[in-house]
Amino acid sequence: MSKIINRLAIIGVGLIGGSLARALREAGAVGSVAGIGRSRANLEEALSLGICDEITQDALEGVRGADMVFISVPVCAIPSVVAEIAPSLKPGCIVTDGGSVKTAIVRECEALMPAGCHFVGGHPIAGTEHSGASASFATLYRGKRCILTPTSHTDKAALATVDRIWRVTGAEVCAMEPGHHDRIFAEISHLPHAVAYALVHAVGTADVEGENVLSYTAGGFRDFTRIASSDPVMWRDISLMNRDALLKSIDGFSASLAELRRRIDTSDQAGLTEFFTIAKQFRDGIV
Ligand code: NAP
């Protein structure tokens with residue numbers, strides 16, 4: 001394949017950034033990859049795994065000469081990272097990200113772009129509960145969706161290039177408005193993580209005659225709560241950055257749980273069957 005990007009800089013060489021670099025390298029779509037991060041240990045791991053050609057903890061140095069910068073650090077850090085690197089970006093550079101929240105990031109990063117540089121918001125819908133360069137793998141995005149969130153300010157050619165790199169990873173690319181993205185992901189991703197963390201928190205602190213109840217958990221509990229093993233800092237940041245949409249989703253869920261509680265409390269057999277049947281139909285309808 002002919003190269004799409006000559007020099008790619010990845011800031012935050014973890015699961016998301018490392019997997020993008022691996023997929024693009026495997027496809028021969030990038031010339032060289034510079035890995036940028038805070039800890040030397042993770043960067044050295046990325047270098048030894050062949051994810052990057054060079055590594056640095058100096059973001060200004062690392063992005064110098066890059067045609068594209070991909071930012072995959074926790075969401076609250078993305079605008080400050082963009083502010084830091086802005087003076088070092090070469091004209092024509094495309095800056096894009098993989099953050100799970102889009103409205104605030106896109107608004108702030110677009111405003112931070114120097115003249116001639118372009119920001120394109122993105123969010124690959126793929127992941128695991130593991131973090132760091134060692135958790136990354138080239139096939140993470142294959143068959144998964146990647147959402148791009150252009151605005152009226154987005155440069156069309158930059159958008160087309162970002163679209164192309166995600167297609168190279170095997171992802172299906174679609175576009176939507178940042179606020180629409182945040183409302184959808186509050187429901188289908190941020191709420192489930194909040195519920196999983198809250199559930200494990202409640203069960204882990206439940207007092208059942210001094211028993212360690214978690215030691216009795218089996219398949220169902222483990223499947224349902226897998227995502228509560230995700231990185232707490234990442235989920236702190238996502239919860240705060242998508243605060244309004246997530247609070248609305250939590251309110252909707254609380255109302256649903258209260259309704260379920262009411263039907264259990266009143267031994268409402270028909271009501272419970274109806275509640276579970278409707279939920280089962282929704283779940284069975286997910287392809
Ligand atoms: P990760 O594996 O923990 O990687 C994040 C990387 O960023 C780490 O290598 C970390 O390395 C570095 N980092 C953290 N804070 C930083 C900062 N302030 N400045 C510079 N580097 C920093 O996390 P991830 O799962 O790849 O997530 C990265 C982004 O992708 C997040 O914005 C997240 O919302 C998004 N995302 C995640 C998933 C998922 O399921 N995991 C899915 C889609 C999108 P050091 O600690 O060494 O700096």
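Read the numbers this way: they start at 1 and go in the same order the structure lists the ligands and their atoms. Position 1 is the first residue of the sequence, and the numbers go up from there.
For N42, every heavy-atom contact with ligand 1 shorter than 4.0 Å involves the side chain, none the backbone. Heavy atoms of V13 found under 4.0 angstrom from ligand 1 belong exclusively to the backbone. At a heavy-atom cutoff of 4.0 Å, ligand 1 is contacted by both the backbone and the side chain of S39. In H130, neither the side chain nor the backbone holds a heavy atom less than 4.0 Å from any atom of ligand 1.
Contact annotation: the side chain of F70 never approaches that of V33 to less than 4.5 Å [non-hydrogen atoms, C-beta and beyond]. At least one side-chain heavy atom of F221 sits under 4.5 Å from a side-chain heavy atom of L199.
Under the side chain to side chain contact (heavy atoms under 4.5 Å, CB included) test applied with V120, the options D97, L159, V106, D163 reduce to a single match, L159. Partner of D67 under the side-chain hydrogen bond (donor to acceptor under 3.5 Å, both in side chains) criterion, chosen from R7, K3, K90: K90.
Taking a distance limit of 4.0 Å, we find that atom 10 (C) of ligand 1 is approached by no protein heavy atom.
When G14, S19, A59 are ranked by how near their heavy atoms come to atom 4 (O) of ligand 1, first place goes to G14. When the heavy atoms of R40, M234, M241 are ranked by distance to atom 23 (O) of ligand 1, first place goes to M234. The closest heavy-atom contact to atom 5 (C) of ligand 1, among the options S230, G12, G18, S72, comes from S72. Of the candidates A41, S134, A126, S100, it is A126 that places a heavy atom closest to atom 42 (C) of ligand 1. Scanning I16, I227, V73, D237 for the heavy atom closest to atom 31 (C) of ligand 1 points to V73.
Comment: K248 does not engage D244 in a salt bridge, judged by the lack of any side-chain N to carboxylate O separation of less than 4.0 angstrom.
Atoms of ligand 1 lying under 4.0 Å from at least one heavy atom of V75, given by number and element, are 32 (O), 34 (O). Taking every heavy atom of G98 and a limit of under 4.0 angstrom, the matching atoms of ligand 1 come to 30 (O), 35 (C), 36 (N), 44 (C). Using a 4.0 Å cut-off to heavy atoms of G99, the atoms of ligand 1 that qualify are 32 (O). Set against the non-hydrogen atoms of A77, the atoms of ligand 1 under 4.0 Å away are 18 (N). For ligand 1, the atoms lying closer than 4.0 Å to a non-hydrogen atom of P124 are 43 (C). Interface atoms of ligand 1 facing H123, defined by a heavy-atom separation under 4.0 Å, are 43 (C), 44 (C). Ligand-side atoms of ligand 1 in range of I238: 34 (O), range being under 4.0 angstrom from any heavy atom.
Atom 48 (O) of ligand 1 has its closest protein heavy atom at R38 NE, 2.8 Å.
The aromatic rings of H193 and Y197 are tilted relative to each other, their planes meeting at an angle between 30° and 60°.
With a 6.0 Å radius and a threshold of 12 heavy atoms from other residues, nucleotides or ligands, R40 has its CZ atom above the threshold.
Minimum heavy-atom separation, I78 to C109: CG2-SG, 4.0 Å. For V75 against M241, the heavy-atom pair with the smallest separation is O-CE, 3.5 Å.
Polar contact check, P74 against ligand 1: no nitrogen or oxygen pair lies under 3.5 Å apart. Of the N or O atoms in L15, one or more lie within a sub-3.5 Å distance of an N or O in ligand 1.
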From CA spacing to verdict: salt bridge (charged side-chain N to carboxylate O under 4.0 Å, His left out), E26, R22 | CA-CA 6 Å; E26 245 184 52; R22 284 181 193 259; over 6 Å; no
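Using a 3.5 Å distance cut-off with no hydrogens or angles, the side chains of T103 and D182 do pair a donor with an acceptor.
For G132, the heavy-atom gap to ligand 1 drops under 4.0 angstrom.
Distance alone, capped at 3.5 Å, places no donor-acceptor pair between the N242 side chain and the V101 backbone.
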